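To start, the structure itself, in structure tokens.
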Amino acid sequence: MQFEIQPNVDRRPDGDTFTVARLFAADGARRRDLSHLIDRSYPYQSLRELRWHLAERFAVPVKGVEIRAA
């Protein structure tokens, strides 16, 4: 499953994190807004962590999740 995100980067003294401002399911030329299906206030440490959360949320294998930043 392919996702496209619009991240908000949060610069902190203890390390950078980001939240997801918008989440889209990328299906070819079509994009569906799925932002309402996730917690957009969660501070992710990495795209890897987000990938695991999306795999769990949408019940797909982690290897089947692809993320790109918009």
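Remember, it's a predicted structure, so these values are computed and weren't measured experimentally.
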Check your understanding: Is the side chain of E49 donor-acceptor paired with the backbone N or O of Q45 at a distance under 3.5 Å, no angle test?
Key ->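 Flag set: sc E49 to bb Q45 pair under 3.5 Å.
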Practice item. Check F18 against V9 and note the closest heavy-atom contact, atom names and distance. Key: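 Of all heavy-atom pairs spanning F18 and V9, the closest is CB-CA, 4.2 Å.
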Check your understanding: Hey, any chance W52 and L34 share a hydrophobic cluster, counting ILVMFWY side chains that come within less than 4.5 Å of each other, even indirectly?
Key ->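 W52 and L34: separate clusters.
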Check your understanding: If you group Ile, Leu, Val, Met, Phe, Trp and Tyr by side-chain heavy-atom gaps below 4.5 Å, do I38 and V62 land in one group?
Key ->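 Result: no, two separate clusters.
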Check your understanding: With a 4.5 Å heavy-atom cut-off, do E4 and R31 have their side chains touching?
Key ->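 A side-chain contact under 4.5 Å exists here.
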Point to revise | Student check: side-chain heavy atoms of R22 and D33 closer than 4.5 Å | key: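 The answer is yes; the side chains approach within 4.5 Å.
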Check your understanding: Checking side-chain contact (heavy atoms from CB on, under 4.5 Å) for the pair R32/F24: CA distance, chi angles, key distance, verdict?
Key -> CA-CA 5 Å; R32 290 176 301 165; F24 298 96; over 6 Å; no
Point to revise | Member of L50, I67, L54, L37 meeting the side chain to side chain contact (heavy atoms under 4.5 Å, CB included) criterion with L23 | key: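 Answer after filtering L50, I67, L54, L37: L54.
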Check your understanding: Stepwise, does the side-chain contact (heavy atoms from CB on, under 4.5 Å) test hold for Y44 with V20?
Key -> CA-CA 8 Å; Y44 291 100; V20 176; 4.0 Å; yes
From [atom1] ([X]) to [atom2] ([Y]), nearest 0.5 Å:
X: E66; Y: R51; atom1: CD; atom2: CZ; value: 9.0 Å
X: H53; Y: R48; atom1: NE2; atom2: CZ; value: 11.5 Å
X: S35; Y: I5; atom1: OG; atom2: CD1; value: 10.5 Å

Practice item. Anything under 30° is parallel, anything over 60° is perpendicular, the rest tilted; go ahead and classify F58 against F3. Key: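 Rings of F58 and F3: tilted, 30 to 60°.
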Exercise for review: Give the intermediate values and the outcome of side-chain contact (heavy atoms from CB on, under 4.5 Å) for residues R40 and T19.
Suggested key: CA-CA 6 Å; R40 294 186 297 160; T19 56; 5.9 Å; no
